[in-house]
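Structure, as structure tokens:
Values below: every heavy atom of this structure, side chains too, minus hydrogens, waters and symmetry copies. Please read all numbers here as calculations on a predicted model, not as lab measurements. A, B, ... follow the sequence lines: proteins, then strands. Residue 1 opens every chain.
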2 protein chains.
Amino acid sequence: MGTLEKSPDCQICAFKSLMFNSLKQDQLSKINTCKEQFHFGKGELVCREGDPINAIIYVHAGLIKLHKRISENQSQIISIAKPFDFVGLISVFSKTNYFYSITAIEDSSICFIAKDCFIREIASNGQFALDILTRMSKTNDDVLEAKFALSSKNLRGRIAHILLDFANNIYKSNEFELPVSRREMAELIDMRMENVIRVMSEFRQDGIIKINGHIIEITNPNMLQKISDMG
Amino acid sequence: MGTLEKSPDCQICAFKSLMFNSLKQDQLSKINTCKEQFHFGKGELVCREGDPINAIIYVHAGLIKLHKRISENQSQIISIAKPFDFVGLISVFSKTNYFYSITAIEDSSICFIAKDCFIREIASNGQFALDILTRMSKTNDDVLEAKFALSSKNLRGRIAHILLDFANNIYKSNEFELPVSRREMAELIDMRMENVIRVMSEFRQDGIIKINGHIIEITNPNMLQKISDMG
DNA sequence: ATCATAACATGATATTTAACATAAAGCGGT
DNA sequence: ACCGCTTTATGTTAAATATCATGTTATGAT
């Protein structure tokens, strides 16, 4: 269930995240005392659907997926969180229990900031609250827009979209190791696994991408963008 | 572009909305001075995609749709807001311009609370900020979960889902007047208009619903629920 | 190294959904 | 009432996607 690890001072994260801008030194050190950082190996479960929400999760390093069972043999991936992202920021205010599970899809360092402590800081610091609101809105808009963008695309468009997303927003490189299986890709963009494989093969045959196991190289990003926009 | 109308004191709305619980009398009257209420007839445009966000929108009465052009001859409905709902609560913190248009789909009274004024109150009142956060999360979760629920359903399941949504969450009755055309239904749940009509006809033939123009009566809600859950 | 298992891959077929065509019914304006 | 326009309606066909079947390749455990 993850192993506790020595966590850096919040000060260090504060530089990297836009989150803590409005916190004064003493407030930051208060947050610092009510957080714990854990390490999760690839595939390890961070929390399970239905678990009580006791903390806000901050991705310090790695990559995690938020996912949900929708039937006996089918899951859905809601989103993927990357370093400096917060998870549960939205749910923590409106729900007492997670409506999704979280699993590491790369070795990850996850910081848990106690909910009570966090909320106390918000209530006593309006500017901090505003920062949180802004951050929350951004995350929310991103997830929602991603979902809307996908829902009007066909299979080829969806694959193109998600590959560009990995390249541009997560790995910042046209060559990267896909952190998810083909089945998980399917769960992320609402397709069948066979079709994910099929479409990726087509892209390979068309010279748009190179595939070497989980290593993907986008050789023709413009074409991929065009396919994403059209479909 | 809507007609200005005499707006009730915020105090009155405060009772109906969970929103303003934490505002003291004097804060409430500050909000009261920076809001204006407008009336929009059915079909009237409230704001257009790209407009600057100057205010938070509160639905006092009626029903409005948030929608977005996705191509020359296609739109998408993002969500429908009902009385006591806030709109733009999320975008106001992360965006300067609307990424959707808003149109009244019933005669509606819409309250505009000036953004600056609202944000000032948040920054100076942490507890109020917490209330806003909670409210925002709820709205957000609802939209997101609705979208996710739909995406894994087939056509029949989607129609069943949206009909139950109207009955249970908006009109609180199994008989209601559909506020949207079949085309708009399609835009709301990602279908083609022809299929919306077709599936609804099927439901009628199966004795699950009665259709009289826009008047819908759900005669077998259990079956409809089953179809929604399965599909 | 060998086995068992899961992931990847591809072809054939069935099902679902979209697109096209056409017509009837409702509705606002004159 | 009549006209033009939009919405509702239904049948037909085409396209997209899911399902099923089967084989191959990777991967982890012993």
Side-chain angles (χ1 to χ4, degrees), chain A residues 41-44 65 70-77 103 105 150-163 177-206 209-216 227-228 230-231, chain B residues 41-44 70-77 103 105 150-163 177-206 209-216 227 230-231:
Chain A
K42 178 172 180 151
E44 227 179 321
K65 67 169 178 178
I70 54 172
S71 75
E72 184 59 38
N73 46 11
Q74 272 214 299
S75 290
Q76 207 175 22
I77 295 181
T103 302
I105 55 175
L150 280 175
S151 71
S152 57
K153 288 186 200 301
N154 63 20
L155 300 192
R156 288 169 63 86
R158 275 181 248 168
I159 293 283
H161 179 96
I162 200 70
L163 288 178
E177 184 178 348
L178 212 54
V180 290
S181 69
R182 305 295 193 265
R183 166 173 298 281
E184 287 174 306
M185 283 269 278
E187 289 169 358
L188 182 58
I189 57 183
D190 238 317
M191 287 176 56
R192 292 291 127 163
M193 184 241 295
E194 294 93 323
N195 287 327
V196 170
I197 293 169
R198 218 182 297 272
V199 171
M200 282 179 59
S201 286
E202 284 170 27
F203 286 173
R204 178 174 44 71
Q205 282 157 34
D206 296 347
I209 61 174
K210 283 185 186 163
I211 303 176
N212 182 5
H214 278 197
I215 309 284
I216 305 290
I227 292 171
S228 169
M230 283 191 327
Chain B
K42 179 170 179 153
E44 227 180 322
I70 54 171
S71 76
E72 184 59 38
N73 46 9
Q74 272 215 298
S75 291
Q76 210 173 22
I77 296 181
T103 301
I105 54 176
L150 281 175
S151 72
S152 57
K153 288 186 199 302
N154 63 19
L155 299 192
R156 289 170 61 86
R158 275 182 249 170
I159 293 283
H161 180 95
I162 199 71
L163 288 178
E177 183 179 348
L178 212 54
V180 289
S181 69
R182 307 292 194 267
R183 167 172 298 281
E184 288 173 307
M185 284 267 280
E187 290 168 358
L188 183 56
I189 58 182
D190 236 319
M191 286 176 58
R192 291 291 124 164
M193 186 239 296
E194 295 94 319
N195 287 327
V196 169
I197 294 169
R198 217 183 296 272
V199 170
M200 281 178 61
S201 286
E202 284 170 28
F203 286 174
R204 177 175 43 72
Q205 283 159 32
D206 296 347
I209 62 175
K210 284 184 185 160
I211 303 177
N212 182 6
H214 277 197
I215 309 284
I216 305 289
I227 292 170
M230 281 190 330

Q) How far does the helix from C:dA1-D:dT30 to C:dT30-D:dA1 bend, going by the axes of its first and last five pairs, to the nearest 10°? A)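 End-to-end axis angle for the helix from C:dA1-D:dT30 to C:dT30-D:dA1: 50°, rounded to 10°.
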
Open item on the list: Can you pull out the residues from residues 188-201 of chain A that lie within a 4.0 Å heavy-atom distance of DNA chain C?
Closed with: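 Residues of residues 188-201 of chain A that come under 4.0 Å of DNA chain C are, in numerical order, A:Glu194, A:Ile197, A:Arg198, A:Ser201.
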
* Just how far, in rounded Å, is C1' of D:dC5 from CZ of B:Arg183? ->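 It works out to 14 Å between those atoms.
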
Length of the line joining B:Asn212:CG and D:dA9:C1', which is rounded to integer Å: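 Rounded to whole Å, this separation is 15 Å.
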
In 5'-to-3' order, the base (B), backbone-only (S) or no-contact (-) status of each nucleotide in nucleotides 22-30 of chain C, using a 4.0 angstrom heavy-atom cut-off, is ---------

Contact string for nucleotides 25-30 of chain D, one letter per nucleotide 5' to 3', B = base within protein heavy-atom range under 4.0 Å, S = sugar-phosphate only, - = neither, reads ------

When all nucleic acid strands are considered with a 4.0 Å heavy-atom cut-off, which category describes B:Arg204: base, sugar-phosphate, or nothing?
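It contacts sugar-phosphate atoms only.
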
- Test side-chain hydrogen bond (donor to acceptor under 3.5 Å, both in side chains) applied to A:Ser152 - qualifying residues, sequence neighbours left out: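 Counting only residues at least two positions away or on another chain, A:Ser152 forms no side-chain hydrogen bond (donor to acceptor under 3.5 Å, both in side chains).
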
Identify each donor-acceptor pair in which a side-chain atom of residues 186-197 of chain B lies under 3.5 Å from a protein atom, sequence neighbours left out, and give them as a table.
| unit_1 | atom_1 | unit_2 | atom_2 | d |
| --- | --- | --- | --- | --- |
| B:Asp190 | OD2 | A:Ser151 | OG | 3.1 |
| B:Arg192 | NH2 | B:Gln74 | OE1 | 3.2 |

Checklist line | Proximal nucleotide (of D:dA9, C:dA9, C:dT17) relative to the B:Arg182 side chain | finding: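 Nearest nucleotide to the side chain: D:dA9.
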
Handout entry: Any A:His214 side-chain nitrogen or oxygen under 4.0 Å from OP1 or OP2 of C:dA7
Key =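 Checking A:His214 against C:dA7: no side-chain N or O falls below 4.0 Å of OP1 or OP2.
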
field: Short side-chain N/O contact to D:dA16 OP1/OP2 from A:Arg158, under 4.0 Å
entry: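 A:Arg158 to D:dA16 OP1/OP2: no side-chain N or O under 4.0 Å.
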
